[in-house]
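The sequence lines fix the lettering, A, B, ..., with proteins before strands; numbering per chain opens at 1. FYI, side chains are in, hydrogens and waters are out, and symmetry mates aren't considered; it's all heavy atoms of this structure.
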Protein chains: 2
Amino acid sequence: MIDSIENLKEILKEKGYKLTPQRRAILDTIIKNQGEHLSTEEVYDYVKKDCPEIGLATVYRTLQLLDDLGVITKINLDDGCARYELNINSEDHQHHHLICSKCGNILEVEVDLLEHLENEIQKNYDFEVKDHKVKFFGLCSKCK
Amino acid sequence: MIDSIENLKEILKEKGYKLTPQRRAILDTIIKNQGEHLSTEEVYDYVKKDCPEIGLATVYRTLQLLDDLGVITKINLDDGCARYELNINSEDHQHHHLICSKCGNILEVEVDLLEHLENEIQKNYDFEVKDHKVKFFGLCSKCK
DNA sequence: ATACAGTTGAAACTGATTATCAATTTAAAA
DNA sequence: TTTTAAATTGATAATCAGTTTCAACTGTAT
Ligand SMILES: [Mn+2]
Ligand SMILES: [Mn+2]
Ligand SMILES: [Zn+2]
Ligand SMILES: [Zn+2]
């Protein structure tokens with residue numbers, strides 16, 4: 001969805017928000033670490049290299065804001081803290097995660113394959129599906 | 001999976017745990033409120049009627065224990081606290097949840113319909129799926 | 001009845017997240 | 001470019017779910 005810092009300013013301006021060096025640095029960090037699922041503290045540690053004076057509260061606030069704006073997505077890996085990842089396709093549904101119960105490694109699943117299930121849900125429950133969160137637990141190739 | 005308090009004692013005994021009035025009362029509460037997704041505090045409030053002297057720490061400990069034993073399942077509805085529900089079929093996968101973004105109502109989906117997706121995952125990622133957590137977000141029949 | 005391991009409740013503690021607030025900064029207007 | 005108002009920041013305190021500690025208590029096997 002977001003190509004670079006260039007259009008972050010536009011996205012912010014639309015809602016009356018300002019582009020600050022802190023916000024820029026935080027998004028830079030997330031883009032640079034694409035593929036990771038960073039916690040707030042982890043983003044804080046990374047971003048301090050570019051922006052040593054930044055406060056942890058600002059990181060919490062900014063990640064929440066970027067999530068509200070649809071730039072990033074908050075995910076829950078049941079490890080006691082929120083994690084975030086960059087949104088690639090804003091239109092598309094959130095991708096699935098495979099979580100290895102043994103080594104804790106996270107794999108991402110590109111295919112969605114939920115159309116059939118979602119159609120059944122629309123039909124049987126009269127529920128209009130907008131998005132989903134899907135986690136699979138099990139053993140990865142190395143651990144089984 | 002669990003029929004009544006009768007076999008809770010057996011399940012506990014197998015692992016060297018004891019059947020206490022507190023554990024009995026907590027499971028009673030969960031059985032009585034089947035279909036709800038109770039938080040620890042909510043279980044605490046209900047169970048105090050039968051067991052007024054019970055401590056909140058005991059409720060936390062017992063819910064965790066029952067989850068470990070496979071009697072109940074912890075679920076995360078992104079509202080800041082853990083919630084639990086009785087396990088009906090221990091063998092089967094956890095059922096799906098439909099969460100209305102407007103009214104917050106939770107619907108349960110009986111059909112699984114994930115075999116195809118799970119087969120693709122086994123094949124393409126060499127990942128052995130044991131269980132899953134699936135949440136759909138959208139609008140329920142009343143809200144759309 | 002005894003013994004002992006498991007359990008309890010109260011209270012202190014932890015760790016993630018949020019709220020507060022005075023000082024600072026952005027962005028738009030003058 | 002200066003002015004201005006609203007948004008933002010960092011430090012700190014506060015909150016809140018959940019965990020730990022520990023002395024007193026209880027369930028169960030013998
Ligand atoms: Mn991911
Ligand atoms: Mn349910
Ligand atoms: Zn693994
Ligand atoms: Zn609704």
Point to revise | Spacing between B:K48 atom NZ and C:dA10 atom P, to the nearest angstrom | key: 10 Å

Check your understanding: Of all the nucleotides listed (D:dG27, C:dT17, D:dG18), which has the minimum atom distance to the side chain of B:P21?
Key -> D:dG27

**Study point:** Sub-4.5 Å side-chain heavy-atom contact between A:I88 and A:Q34
**Key:** yes

Practice item. Could you please name the option among D:dA17, D:dT28, C:dT18 that lies closest to any side-chain atom of B:E41? Key: D:dA17

Practice item. Report the distance from atom CG of B:D68 to atom P of C:dT7, rounded to the nearest whole Å. Key: 12 Å

**Study point:** Phosphate OP1/OP2 of D:dT9: any A:T20 side-chain N/O under 4.0 Å
**Key:** yes

Exercise for review: Output the distance between atom CD1 (B:I75) and atom CG (B:L38), rounded to the nearest 0.5 Å.
Suggested key: 9.5 Å

Practice item. Starting from P on C:dT17, measure out to CG on A:D67 and report it in whole angstrom. Key: 13 Å

Point to revise | Nearest atoms (heavy-atom pairs only) where B:I26 meets B:V59 | key: CD1-CA, 3.9 Å

**Study point:** A:L65 CG - D:dA7 P separation (whole Å)
**Key:** 13 Å

Point to revise | A:Q22 side chain, from C-beta outward: closest of D:dG10, C:dA28, C:dT8 | key: D:dG10

Study note, to complete from the structure: From the candidates D:dA6, D:dG27, C:dA16, the one with an atom nearest any side-chain atom of B:K18 is D:dG27

Study note, to complete from the structure: Whole-Å distance, A:D79 CG to C:dG15 C1', equals 13 Å

Practice item. Assign the ring pair B:H132 / A:F136 to parallel, tilted or perpendicular, where the plane angle (0 to 90°) is split at 30° and 60°. Key: perpendicular

Point to revise | Between D:dT8 (P) and A:L8 (CG): distance, integer Å | key: 12 Å

Point to revise | Validation row: B:N87, B:V71 side chains within 4.5 angstrom (heavy atoms) | key: no

Check your understanding: Between the two ends of the helix from C:dA1-D:dT30 to C:dA30-D:dT1, what is the bend in degrees, rounded to 10 degrees, where each end axis spans five pairs?
Key -> 30°

**Study point:** Pairwise 5' ranking along DNA chain D for B:K9 and B:Y60, keeping only the more 5' one
**Key:** B:Y60

Exercise for review: Could you check how far CZ of B:R24 sits from C1' of D:dT26, rounded to whole Å?
Suggested key: 13 Å

Revision key, fill the gap. note: B:L63, atom CG; C:dT8, atom P; distance rounded to Å ~ 12 Å

Review point. So among A:D67, A:L66, A:D68, which one has a side chain to side chain contact (heavy atoms under 4.5 Å, CB included) with A:K74?
Key: A:D67

Atom pairs, N/O to N/O, protein against nucleotides 11-13 of chain D, distance under 3.5 Å?
none

Review point. Any idea which of D:dG10, C:dT17, C:dA28 is nearest the A:K13 side chain?
Key: C:dA28

Check your understanding: Does the side chain of B:Q94 pick up a donor-acceptor pair with the side chain of B:E85 at under 3.5 Å?
Key -> yes

Check your understanding: Regarding B:K48 and the six-membered ring of B:Y44, is the cationic atom NZ or CZ under 6.0 Å from the ring centre and inside 45° of its axis?
Key -> yes

Check your understanding: Under the 3.5 angstrom rule, does the side chain of B:E120 hit a backbone N or O of B:L117 as a donor-acceptor pair?
Key -> no

Review point. Does A:L19 offer a backbone N or O that forms a donor-acceptor pair with the side chain of A:R24 under 3.5 Å?
Key: no

